[in-house]
Structures are given as structure tokens and as C-alpha cells.
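This report concerns only the one structure given below.
The chains referred to below are lettered A, B, ... by the order of the sequence lines, with proteins before strands, and numbering in each begins at 1. This structure is a prediction, so every number in the text was calculated from the model and none was measured.
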Amino acid sequence: MKGVYVEDVGAHEGSEVTVRGWVYNKRSSGKLQFILLRDGTGIIQCVAFKGNFSPEQFEALDRLTQESSVEITGKVRKDSRARGGYELDVTGFNIIQVTENYPITPKEHGTAFLMENRHLWLRSSRQHAILRIRHEVIKACRDYFDDLGFILVDTPIFTPNACEGTTTLFQTEYFDQTAYLTQSGQLYNEATAAAFGKVYCFGPTFRAERSKTRRHLMEFWMVEPEVAFATLDDIMDLAEGLICSVIERVLMRRKAELETLERNLAPLEGIARPFPRVSYDEAVEKMQKAGSEIQWGGDFGGGDETILSEQYTSPVMVHRYPAAVKAFYMQPDPVRQELALCVDMLAPEGYGEIIGGGERIHDHDLLLKRLKDHNLSTEPFQWYLDLRKYGTVPHAGFGMGIERVVSWICGLSHLREAIAFPRMLYRIYP
RNA sequence: UCCUCAGUAGCUCAAUGGUAGAGCAUUCGGCUGUUAACCGAAGGGUUGUAGGUUCGAGUCCUACCUGAGGAGCCA
């Protein structure tokens with residue numbers, strides 16, 4: 001018999017179907033057995049009555065353990081007592097494997113143990129909810145840009161040089177050369193933006209920083225739009241629209257998952273355009289008033305970001321940081337040369353920076369000067385300088401960290417649950 | 001890289017310097033409606049590693065290993 005997914009079982013009420021999956025949990029009471037079967041789309045309780053089976057068959061069912069793989073055939077029955085609304089009255093089954101000593105039990109476990117068993121932890125309903133929301137976030141991002149006429153042009157993962165120079169890169173062999181794993185698609189995005197007008201890339205990003213916090217991964221996913229002729233205000237509008245679109249979409253389609261995670265929906269539902277836009281100057285002032293030690297000219301610490309974002313219900317956009325604390329390619333503010341035309345978006349509830357971007361330098365000579373100021377070799381950047389020689393235009397873009405957004409939307413206490421297999425400072429297994 | 005804390009049964013945790021314990025998981029038995037089912041029984045240990053103090057160390061001291069939390073940097 002063809003298999004039916006648990007999420008579709010309701011459509012077959014009264015008829016016999018086969019569901020295929022893994023035993024989530026089991027309870028028995030002498031002549032009755034309750035098998036919770038999980039198939040990835042949902043969980044359904046399968047009820048087996050002793051009188052309907054031979055003693056050998058019933059005993060075989062009784063021997064099923066947690067995460068045993070099995071196909072169960074039964075009649076679909078609506079039942080108000082059941083979690084998903086339906087139960088299966090078991091008429092037959094085919095045991096594929098009886099699992100022995102499954103390490104993750106229904107009781108509590110520590111993080112270290114669960115991370116060691118991440119490949120199995122993914123089967124739990126909590127991880128299931130998070131990764132389904134991640135999927136929705138990614139799809140919402142793609143749809144948002146696609147609907148605005150953006151072209152997806154993915155950028156390389158192997159790169160010959162540093163994109164930003166400041167952060168550490170993972171180095172690898174590339175036959176006879178040295179290559180680095182990308183830490184941003186932005187530079188290549190600038191080339192494709194000059195080809196297609198408005199583009200985005202969506203891929204993994206690698207940072208070899210020895211960061212050990214709840215906000216960092218060594219490998220994470222980033223969506224980066226880049227738009228020719230765009231100004232700082234344009235991309236702030238774009239970023240605001242993206243976040244609203246993502247939040248709206250998750251609230252509409254993944255409410256059940258948010259409830260599984262016991263996420264308080266009010267802060268998400270309260271997010272509305274326009275997001276507050278605060279200059280770096282104002283932000284520093286507000287932080288100092290709220291008790292921060294920050295001085296003008298410095299970058300914000302995690303605590304500073306929280307102090308500022310706590311003053312708003314929507315994400316806040318901080319623009320025009322001092323150029324000195326930002327990357328070499330940032331366009332200076334024509335009004336105040338010491339400032340960069342850049343923006344960081346800080347998520348509410350203490351989740352910190354989720355977006356960073358700005359206008360890029362489009363003047364050839366200024367860019368060349370900045371490369372030299374940052375002690376970067378100009379040779380690997382020839383192609384990048386070319387973009388300023390052949391029809392240069394003002395342009396801007398930003399990057400959004402997927403795991404940080406997922407983490408915020410799900411209300412997670414650590415980024416590691418927002419990706420299936422997190423790469424962290426001291427953990428690369430499994 | 002720096003600071004703090006923690007390593008005891010497969011897992012989560014107890015145990016004043018004085019006989020190594022419980023719940024879950026596993027195995028066996030009981031129960032026709034269980035929802036982390038419940039009830040009864042059993043097996044399961046070089047207390048992270050190496051030294052040291054002591055009549056006696058899971059407990060105190062030193063070093064190392066592993067993990068967790070935080071800082072800096074960033075998305």
C-alpha cells in the first residue's frame with residue numbers, strides 16, 4: 001500500500017492507510033498499545049488492540065522501542081482525545097528495524113550531550129519547529145527579492161583574497177595556490193549589480209574569529225542584496241521591508257511552530273513600519289543617558305546594543321557610524337567626511353545586530369586610497385577597482401544573517417539551534 | 001585569546017572527609033484509553049586524567065583534558 005504522510009491523514013478518515021516513520025514514544029496497557037509514530041510531517045497515535053492480532057504479532061509490537069522504524073497500516077479515526085485530531089486503529093505493520101539504546105530519552109538532557117548527538121536531536125519536536133521556521137524565513141527572503149525583480153546571482157565560496165581585511169579568514173589549499181573561504185559575497189555582488197541592476201546572493205559565509213558567544217557561528221548563512229544607484233535611505237527601506245515581510249510570513253504560516261517553542265508572539269506582532277532610524281551620534285547619546293560607558297568613536301558592545309534596542313518595539317536602524325570603525329569600502333558622508341554612509345539594524349529583545357550594510361565607495365581614486373590606508377594589497381582588487389573605471393555608479397547593499405533572524409524570531413537563547421549542524425569554536429562534530 | 005563555573009550509572013542529578021544513591025532509559029512481570037502513562041522487580045560505577053594531603057578522598061590541594069556561560073570581534 002502507498003504511504004500517506006501524517007499531515008495528510010485527516011483526508012482519509014474512515015479508510016485504511018499506511019503511515020511510515022519512527023516510534024516517537026510508546027505506552028501500553030496490557031491489551032492495548034499506544035504507539036506515537038513520527039514521520040517528519042507530524043505525529044500520530046496508533047492504537048493496537050490485542051484481540052486483533054496473533055500473540056506473536058502483538059508481542060512484536062510490544063518490543064518496539066523509541067525511534068524504531070516501522071510501517072503501520074490502520075483505519076483513520078477522528079478522535080477528540082488525540083493531539084492531531086486523528087488516530088490510527090492498527091490492522092497491520094511492518095517493522096523495519098527495532099532500535100536499541102536510543103541515546104536521547106524523553107527526559108531532560110544537557111546541551112553538550114545534545115550537541116554531541118545533534119544528528120539525532122534534530123528528530124525532536126523543538127528542533128523540528130525551529131528548522132521549519134528557518135525554512136520559512138529563507139523562502140520569505142527569496143520571495144521578497146524575487147517579487148521586487150531582483151536576480152539571484154550566487155557568489156563564490158573560494159576567494160583569492162580577503163573581502164574586508166579586518167576579520168580572520170579560513171585558509172585552504174587551492175591546488176598550487178592559497179584560497180580563503182568567503183566571509184561575504186558583497187564584493188562580487190557589486191560586480192553583478194553593475195550587470196543586472198539589482199541582485200542578491202544567498203549562501204554560507206565563514207568567519208575564523210575565535211568568538212565564543214551565543215551570537216556567533218564560524219559558518220553561517222547570509223542573504224545579501226546589492227542595488228545599483230541605491231542610496232543609504234533606499235537600502236534602509238529595503239531592509240525594513242524585508243524584515244516586515246519575513247515576520248509577517250512566519251506569523252501567518254508557522255504559528256503552530258512558534259507555539260511549540262512557546263514564543264511570546266506579542267513582540268513579533270507589534271513590529272510595524274517605519275522602524276526607528278537613529279544616527280550614530282544620537283545612539284551614543286541615548287546609550288550614555290541609559291548608563292553605558294560608550295564614547296563617541298567606538299563600536300557598540302553587546303550590552304550597548306541591548307540598551308538601545310530596548311527603547312523600541314520594532315528593530316532600530318543605526319546609521320552613519322564613524323568611518324574609522326567600519327570597512328574600507330564604505331562611502332563617506334558628503335556632509336561629514338568622518339562618517340560612513342552605513343547602517344546596522346538591531347533586533348529587539350536583546351538579539352542585537354541582524355543586518356549591516358551601506359553605500360559603497362564608487363570613486364576609483366578614493367577606493368584606491370582606502371585600500372592603501374588599510375594596508376591591503378591592490379593587486380587582488382584590480383577587478384574590484386575596474387568596477388569604478390567602467391561606468392561607475394553610486395550603489396548600496398546589505399547583509400542579513402539568517403541564523404540571527406531565526407534565533408530572534410524563535411526566541412532562542414543561542415544561535416546553535418538555528419542551523420542543523422552548527423560550526424562553533426570548539427565543535428565541528430557531527 | 002581572556003575571565004568564571006562544572007565534570008559521579010547510557011542520560012539528568014544526589015551523596016558533613018567515613019559502606020556509591022534516585023529518576024529516566026534498558027530487561028522481566030502487571031494493567032482495554034494511555035498523553036513525559038502508571039505499578040512491581042532486576043542489571044548497570046576505575047566518581048574526566050595524573051599526582052599530592054590524610055588512618056581514610058566523589059568531597060581538600062596542584063597540573064592537565066573536556067564541556068558550559070560570559071567578554072572582545074562581527075551577521
Touch check for [X], heavy atoms < 4.0 angstrom, all strands: base, sugar-phosphate only, or nothing?
X: A:Thr205; answer: nothing
X: A:Thr111; answer: nothing
X: A:Gly110; answer: sugar-phosphate
X: A:Phe220; answer: base
X: A:Glu219; answer: nothing
X: A:Lys212; answer: base
X: A:Glu403; answer: nothing
X: A:His216; answer: base

[X] side-chain proximity, nearest of [options]:
X: A:Arg207; options: B:C73, B:U32, B:A75; answer: B:A75
X: A:Arg210; options: B:U1, B:U26, B:G69; answer: B:U1
X: A:Asp299; options: B:C74, B:G10, B:A75; answer: B:C74
X: A:Phe34; options: B:C74, B:U34, B:G67; answer: B:U34
X: A:Glu209; options: B:A25, B:C74, B:C11; answer: B:C74
X: A:Arg427; options: B:G67, B:U12, B:C74; answer: B:G67
X: A:Arg27; options: B:A36, B:G33, B:C74; answer: B:A36

* B:C5 pairs with which nucleotide, Watson-Crick or G-U wobble, both distances below 3.5 Å? -> B:G67

* Asked: Does B:G40 have a Watson-Crick or wobble partner in any strand here, with both distances under 3.5 angstrom, and which is it?
  -> B:C28

* Structure fact -> Atom CG of A:Asn117 and atom C1' of B:U12 are separated, to the nearest Å, by 14 Å

* Asked: For the pair made of CH2 in A:Trp121 and P in B:G10, what is the distance, rounded to whole Å?
  -> 22 Å

* Asked: With no angle test and no hydrogens, is the base of B:G10 tied to the side chain of A:Glu100 by a donor-acceptor pair under 3.5 Å?
  -> no

* If you take all heavy atoms of A:Tyr24 and A:Gln66, which pair is closest and at what distance? -> O-CG, 3.6 Å

* To do: Specify whether A:Trp383 and A:Tyr188 have parallel, tilted or perpendicular ring planes, treating 30° as the upper limit for parallel and 60° as the lower limit for perpendicular.
  => parallel

* Asked: Taking the nucleotide of RNA chain B with the closest heavy atom to each, which residue, A:Lys26 or A:Ser211, is nearer the 5' end?
  -> A:Lys26

* Using only side-chain N and O atoms of A:Arg215, determine if any of them is under 4.0 Å from OP1 or OP2 of B:G69. => no

